[in-house]
Every structure is written in structure tokens, then in C-alpha cells.
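Keep in mind that this is a model prediction, so the values were computed, not measured.
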Amino acid sequence: MLYICKNFEAMRFLKKHMALLLSALLAASLSYSQTGFESALAFKSTVHNFGKISIDAGEQHCTFEFTNISDKPVVINNVISSCGCAQPEWPRQPIMPGKGGKIEVTYLNDQGPYPFEKNITVYTSASRKPVILRISGIAYEKEKSLKELFPVAVGPLGIMKNNIGAGQIEQGYSKSGSISVANFSQKAVSVEFDGLSAGLTLNAVPKVLEPGAIGEIRYGINTGEALNWGNTTYSANVVCNGAKASVRLNFNCMIIDNVSGLSAEQKNSSSMILAKNSSVTLEAAKGAVTTARFSLRNTGAANLVIHKADTNGDSFEVTYPEREIKPGENFEVAAKIRAPGAGGEKIYTITLITNSPKRPLVNLFVALETK
């Protein structure tokens with residue numbers, strides 16, 4: 001998210017560099033949605049893949065079964081779909097301890113031929129955090145070959161992409177999802193994994209994929225297994241019939257502080273970061289090193305912590321206070337950048353990951369003109 005200084009210099013910067021800023025933001029940021037959850041309802045599965053379906057096949061249906069594993073009745077307050085094409089039905093009566101139920105989802109299959117993934121968000125009386133269910137599949141008009149549908153080869157298998165965006169997760173929470181996988185070969189393939197990052201779990205469903213079949217790789221990311229902040233990649237190798245594939249799976253997410261359980265009073269009495277200048281314009285000769293400096297202040301009532309400073313893919317040095325910053329304290333963030341060999345202007349983005357509940361992410365921008 002972008003916090004704009006209300007001064008003439010910042011407004012001029014935005015007007016002059018808006019196109020580059022938008023490009024940098026797209027490259028620097030991940031989806032701002034928290035999908036980790038705790039729940040009294042234990043679901044048998046939170047994902048369902050319809051596989052390949054013709055757009056003429058009509059409505060598709062699936063069921064998510066659950067059990068109340070708590071010692072209190074649980075009410076499902078609401079179930080919201082990310083798209084009107086996915087319509088959920090759920091029990092309105094309280095779910096008693098030890099009892100189960102199901103959420104039925106109808107996918108209308110009226111969106112045309114394309115791969116789809118839809119979220120179903122379940123709000124209950126047991127937790128402030130919702131449960132996220134997912135449906136996915138591939139709707140087609142004229143059936144394509146497996147290699148056209150799954151262009152990234154992983155040994156004898158194919159997937160749509162090996163860099164998977166896993167969105168944003170609060171520190172200490174988990175997230176799950178799935179990707180589709182196809183067997184290109186003429187023989188059955190057993191699918192296993194090794195070299196997994198700490199906190200990543202992977203399961204192939206089914207574990208043995210028949211020739212020409214489509215299955216799933218279900219993933220889980222538990223941020224509590226290792227202390228990571230900001231842009232974080234969890235990765236693993238795919239092992240097909242005992243042979244390690246050359247392509248590695250990467251699950252990219254943004255990890256921020258867990259602040260969803262804080263009351264309004266706690267948020268108001270916490271830290272708050274304010275950038276006195278959120279944008280800097282510099283000029284430098286090709287290959288020269290220049291430094292952009294940003295003045296900031298903790299305007300909150302509690303100590304501010306900067307967990308990490310991420311960049312938008314470019315490698316350059318960023319320095320910031322690696323200590324608790326007291327209320328009312330001014331501090332500096334500096335970026336030392338080597339001007340590229342090619343001339344022209346480039347936008348660099350710095351994202352600060354902080355413990356501020358109201359501003360967990362703060363973006364700073366450098367516009368560097370190379371002469």
C-alpha cells in the first residue's frame with residue numbers, strides 16, 4: 001500500500017513518474033489478503049479441483065465436509081464467494097460439538113473457456129479469522145492438449161507455472177492451496193517431493209498419476225516453522241519415479257505481523273510509521289553509486305520495529321535501524337544504488353515490513369535518472 005506525503009514535492013514526483021510507479025508496484029507487491037486461519041471447524045479438505053470440464057457440461061457441484069472439533073456450538077454466520085459463478089449453500093443451525101456438516105458449492109460454469117480458481121470465505125462464530133475454501137479447474141471450448149494446458153515441464157509432468165503466488169500470510173499462521181498437474185508420459189508416475197523449505201508441506205493427489213491424467217499438488221505453508229518476514233519463497237524439488245526434476249516449485253508469499261486479534265484501542269496505542277519523504281529523485285552517471293535517503297518518524301505510542309526491507313527485485317543495499325524505535329523518534333532509511341549501464345530513468349521500490357498494525361507495509365520510491 002502506498003502512503004503519500006501531502007506536500008508539493010511528493011505530488012510532483014507522483015505526476016512525473018506515475019507510469020513507472022505503477023509498474024514498480026505491480027512487480028513489488030503481492031495480493032493484500034490474509035488467508036491464514038484458526039477454526040473450530042475441521043474440514044476434510046479445503047480445496048476441490050474439477051479437472052477439465054467442457055463449457056457445455058453445465059453446472060458443476062462439490063461438497064466440503066467439516067466437523068466441529070471444539071467444545072462449544074459453532075454458527076456459520078456467512079459464506080461469501082469471490083465470484084457470482086460459485087454459489088455456496090451451508091447449514092444455518094448451530095453445529096454442536098463433535099457433529100459435522102457440509103458446505104455445498106455450485107460452479108455455474110458460465111464464464112467461458114479458461115482455467116479458474118475461486119475462493120469461498122467461511123465466517124463462523126468461533127473465530128475472527130475466516131476459513132478459505134478453494135475450487136479450481138479448467139473449462140474448455142475446444143479441448144487442448146495437456147502440453148498446451150500445462151506448458152511448464154517438470155520431468156514427465158506438466159504444470160501451468162512453477163512460481164506460484166501464495167498471497168499474504170500473518171506471522172504464525174498457515175495457508176493451504178493447490179495447483180494442477182498432468183502426466184505427459186505413457187506410463188504411471190509416482191510423485192514425491194524433497195528439499196522442502198521449513199514450513200512447507202506438499203502432497204500429490206493421487207500419489208501415482210496415470211498416463212494422460214490430471215491430479216493436484218496440495219501445498220501448505222506454516223509460517224510458525226521458521227521466522228521469515230516480507231517477501232518469502234518456499235520451495236521444493238519434485239521427484240518423479242525416483243528421479244529429481246530439474247524445475248523446482250516456488251511458492252511466493254508476503255509475511256506480515258499478526259495484528260488481526262488486536263482491539264481498536266490496542267491498535268491506536270501501538271506504533272505508527274510516517275515517512276516525511278516517501279519519494280526521492282536522483283541523477284547519476286552510468287555505473288556510479290548514489291544514495292537515496294528517507295526521513296521517517298515513529299508517531300505512535302509504542303516502540304516501532306522494522307522487521308525487514310524488501311526491494312522490487314533489484315539488488316541494492318538498504319540500511320535502516322535494526323532496533324526498537326521509540327515513540328516520537330526520527331530515523332533514516334538509506335538506499336545505496338549503482339546506476340545501470342543503460343541510460344534513462346528507472347524506479348526502485350523499497351518495502352518496509354513493520355510491526356505497525358495500521359501500516360504494516362510502507363513503500364518508498366527512488367527515481368534514478370542515468371546520464
- Task: Show your working on side chain to side chain contact (heavy atoms under 4.5 Å, CB included) between N119 and L133 and close with a plain yes or no.
- Result: CA-CA 6 Å; N119 291 345; L133 310 175; over 6 Å; no

- Query: So if you build clusters from Ile, Leu, Val, Met, Phe, Trp, Tyr with side-chain heavy-atom gaps below 4.5 Å, do Y234 and V247 land together?
  - Reply: yes

- Inter-residue atom distance N68.CG - I95.CD1, 0.5 Å rounding: 7.5 Å

- Message: I want to check something: taking the side chain as every heavy atom from C-beta on, are T223 and S174 in contact at a cut-off of under 4.5 Å?
- Response: no

- Query: Does the ring of Y107 carry K118 above it, NZ/CZ under 6.0 angstrom from centre and within 45° of its axis?
  - Reply: no

- Query: Going through the checks in order, is the salt bridge (charged side-chain N to carboxylate O under 4.0 Å, His left out) test met by K129 and E170?
  - Reply: CA-CA 11 Å; K129 288 184 174 293; E170 288 185 350; 2.7 Å; yes

- Task: Treating Ile, Leu, Val, Met, Phe, Trp and Tyr as nodes and any side-chain heavy-atom pair under 4.5 angstrom as an edge, say whether W229 and V259 lie in one connected cluster.
- Result: no

- Mind checking whether I53 and V105 sit in one hydrophobic cluster, side chains of I, L, V, M, F, W, Y counted as touching below 4.5 Å? yes

- K102, NZ atom: more than 12 neighbouring heavy atoms under 6.0 Å: no

- Item | Residues, nucleotides or ligands: over 12 heavy atoms within 6.0 Å of E265 CD | no

Can you give each donor-acceptor pair under 3.5 Å made by side-chain atoms of residues 149-164, sequence neighbours left out, with the distance rounded to 0.1 Å?
| unit_1 | atom_1 | unit_2 | atom_2 | d |
| --- | --- | --- | --- | --- |
| N162 | ND2 | R248 | O | 3.0 |
| N163 | OD1 | N250 | ND2 | 3.0 |

- Query: In terms of hydrophobic clusters joined by side-chain contacts under 4.5 Å, are V131 and V47 together?
  - Reply: no

- Message: Could you walk me through whether V289 and K336 satisfy the side chain to side chain contact (heavy atoms under 4.5 Å, CB included) test, starting with their C-alpha distance in whole Å, then the side-chain angles of each, then the deciding distance to 0.1 Å, before giving a yes or no?
- Response: CA-CA 7 Å; V289 176; K336 187 180 292 186; 3.3 Å; yes

- Side-chain touch L202/F251, heavy atoms, less than 4.5 angstrom: yes

- For T63 and E104 the tightest heavy-atom approach is OG1-CG, 3.9 Å

- Kindly determine whether T233 and N252 satisfy side-chain hydrogen bond (donor to acceptor under 3.5 Å, both in side chains), including the steps that lead there. CA-CA 4 Å; T233 298; N252 307 305; 2.7 Å; yes

- Task: Quickly, which of T299, N298, N355 forms a side-chain hydrogen bond (donor to acceptor under 3.5 Å, both in side chains) with S271? Name it, please.
- Result: N355

- Message: Could you walk me through whether Y348 and F365 satisfy the ring-ring contact (aromatic ring centres under 6.0 Å, His included) test, starting with their C-alpha distance in whole Å, then the side-chain angles of each, then the deciding distance to 0.1 Å, before giving a yes or no?
- Response: CA-CA 6 Å; Y348 297 85; F365 300 95; over 10 Å; no

- Roughly how far, to the nearest 0.5 Å, is CD of E345 from CD of E283? 9.5 Å

- Task: Decide side-chain hydrogen bond (donor to acceptor under 3.5 Å, both in side chains) for N203 and R218; before the verdict, give the C-alpha distance in whole Å, the side-chain angles of both, and the deciding distance to 0.1 Å.
- Result: CA-CA 5 Å; N203 291 289; R218 297 179 180 176; over 6 Å; no

- Is any side-chain heavy atom of F50 less than 4.5 Å from a side-chain heavy atom of C62? yes

- Item | Centroid separation F66 to F43 less than 6.0 Å | yes

- Below 4.5 Å, heavy atoms only, C-beta onward: do P130 and T121 meet side chain to side chain? yes

- On a heavy-atom basis, the closest approach of I103 and P88 is CG2-CB, 4.4 Å

- Which heavy-atom pair separates A166 from C253 by the least distance, and what is that distance? CB-CB, 4.0 Å

Could you pull out every donor-acceptor pair under 3.5 Å between side chains of residues 72-81 and any protein atom, sequence neighbours left out?
| unit_1 | atom_1 | unit_2 | atom_2 | d |
| --- | --- | --- | --- | --- |
| N77 | ND2 | T124 | O | 3.4 |
| S81 | OG | C83 | N | 3.1 |
| S81 | OG | C83 | O | 2.6 |
| S81 | OG | A86 | O | 2.9 |

- Does F64 share a hydrophobic cluster with Y123, counting links as ILVMFWY side-chain heavy atoms below 4.5 Å and allowing steps through other members? no

- Would you indicate whether the side-chain heavy atoms of I169 and I221 approach each other to under 4.5 Å? yes

- Query: Can you check whether L282 reaches E369 side chain to side chain, under 4.5 Å on heavy atoms?
  - Reply: no

- Query: Is it the case that K276 places NZ or CZ above or below the six-membered ring of F294, under 6.0 angstrom from the centre and within 45 degrees of the axis?
  - Reply: no

- Please lay out, stage by stage, how N237 and F193 fare under the test side chain to side chain contact (heavy atoms under 4.5 Å, CB included). CA-CA 6 Å; N237 296 313; F193 309 93; over 6 Å; no

- E329 CD: over 12 foreign heavy atoms closer than 6.0 Å: yes

- Message: So, taking the atom named OG1 in T232 and the one named CD1 in I255, what distance separates them when rounded to the nearest 0.5 Å?
- Response: 4.0 Å

- Passes side chain to side chain contact (heavy atoms under 4.5 Å, CB included), I214 versus L146? Steps please. CA-CA 9 Å; I214 297 176; L146 288 182; 4.1 Å; yes

- Distance (rounded to the nearest 0.5 Å) between D110 CG and I55 CD1: 10.5 Å

- Query: Does the distance from a Lys or Arg side-chain N to an Asp or Glu carboxylate O, for E210 and K187, drop under 4.0 Å?
  - Reply: no

- Between A292 and V366, which heavy-atom pair has the shortest distance, and what is it? CB-CG2, 3.6 Å

- Is any side-chain heavy atom of M272 closer than 4.5 Å to a side-chain heavy atom of R359? yes

- Taking the side chain as every heavy atom from C-beta outward, state whether L296 and L352 have any pair of such atoms under 4.5 Å apart. yes

- Message: Minimum heavy-atom separation for A309 and I350, please, with both atom names.
- Response: CB-CG2, 4.3 Å

- Item | Donor on one side chain, acceptor on other, S278 and N363, under 3.5 Å | no

- What distance separates L361 CG from T354 OG1, expressed to the nearest 0.5 Å? 7.5 Å

- Message: Could you check whether atom NZ of K52 has more than 12 heavy atoms from other residues, nucleotides or ligands sitting under 6.0 Å from it?
- Response: yes

- Message: Do N268 and K358 pair up side chain to side chain, a donor and an acceptor below 3.5 Å, judged on atom types alone?
- Response: yes

- Message: Please tell me whether Y320 and F331 form a close aromatic pair, meaning their ring centres lie under 6.0 Å apart.
- Response: no

- Query: Can you tell me how far OG of S178 sits from NE2 of H48, rounded to the nearest 0.5 angstrom?
  - Reply: 10.0 Å

